[in-house]
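Below: the structure, in structure tokens.
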Amino acid sequence: MSSPEIASLSWGQMKVQGSTKTYKDCKVWPGGSRAWDWRETGTEHSPGVQPADVEEVVKKGVQTLVIGRGMSEALKPGKQRGLDLDF
């Protein structure tokens, strides 16, 4: 099973194939997607994506992870300790 594709992307709006929702930010994994609320894990542009954000989708079966940096490339990938990731 593969992750749903991003159907459209513009500033502050993402649509994912198979979903009727419009996301500001989202996480996708094989068979699903959901809104990505940065406040859940303390993600900010700097220091960046938090390990808990990555762990959530890895546990759902993601084998290749793409972390978008945003329209102005301000979001940092963060430090993902304990995970074997290439940046």
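From a predicted model like this one, the values you see are computed outputs, not experimental measurements.
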Sequence neighbours excluded - side chain to side chain donor-acceptor pair (under 3.5 Å) pairs with any residue from residues 3-18: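 Those involving residues 3-18 are K15-T22.
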Test ring-ring contact (aromatic ring centres under 6.0 Å, His included) applied to W29 - qualifying residues, sequence neighbours left out: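 In terms of ring-ring contact (aromatic ring centres under 6.0 Å, His included), with neighbours along the sequence ignored, W29 is linked to no residue.
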Approximate separation, where rounding is to 0.5 Å, of Y23 OH and L9 CG: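 Those atoms lie 14.0 Å apart.
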I6 CD1 to S33 OG distance, which is reported to the nearest 0.5 Å: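 OG of S33 is found 8.0 Å from CD1 of I6.
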Side-chain (S46) to main-chain (G48) donor-acceptor, under 3.5 angstrom: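 No, because the side chain of S46 does not come within donor-acceptor range (under 3.5 Å) of the backbone of G48.
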For V54, the option from V49, V62, T41 that meets side-chain contact (heavy atoms from CB on, under 4.5 Å):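 By the side-chain contact (heavy atoms from CB on, under 4.5 Å) criterion, V54 pairs with just one of V49, V62, T41: V49.
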Listed partners of P4 passing side chain to side chain contact (heavy atoms under 4.5 Å, CB included), at least two apart: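 Only V16, V28 meet the side chain to side chain contact (heavy atoms under 4.5 Å, CB included) criterion with P4.
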M1 to P30 - nearest heavy-atom pair and separation: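 Closest pair (atom of M1, atom of P30, distance): SD-C, 3.6 Å.
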Pairs satisfying ring-ring contact (aromatic ring centres under 6.0 Å, His included), at least one member in residues 34-57, at least two apart: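 ring-ring contact (aromatic ring centres under 6.0 Å, His included) check on residues 34-57 returns W36-W38, W38-H45.
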Sequence neighbours excluded - ring-ring contact (aromatic ring centres under 6.0 Å, His included) pairs with any residue from residues 46-69: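 For residues 46-69, and leaving out neighbouring residues, there are no ring-ring contact (aromatic ring centres under 6.0 Å, His included) pairs at all.
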Quick one: side chains of residues 63-78, donor-acceptor pairs under 3.5 Å with protein atoms, not counting sequence neighbours, listed by atom name and distance.
unit_1: R69; atom_1: NE; unit_2: L75; atom_2: O; d: 2.9
unit_1: R69; atom_1: NH2; unit_2: E73; atom_2: O; d: 3.0

Salt bridge (charged side-chain N to carboxylate O under 4.0 Å, His left out) partners of residues 26-40, not counting sequence neighbours, each pair once: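 Every pair satisfying salt bridge (charged side-chain N to carboxylate O under 4.0 Å, His left out) with a residue in residues 26-40: K27-D53, K27-E56, R34-E40, R34-E56, D37-R39.
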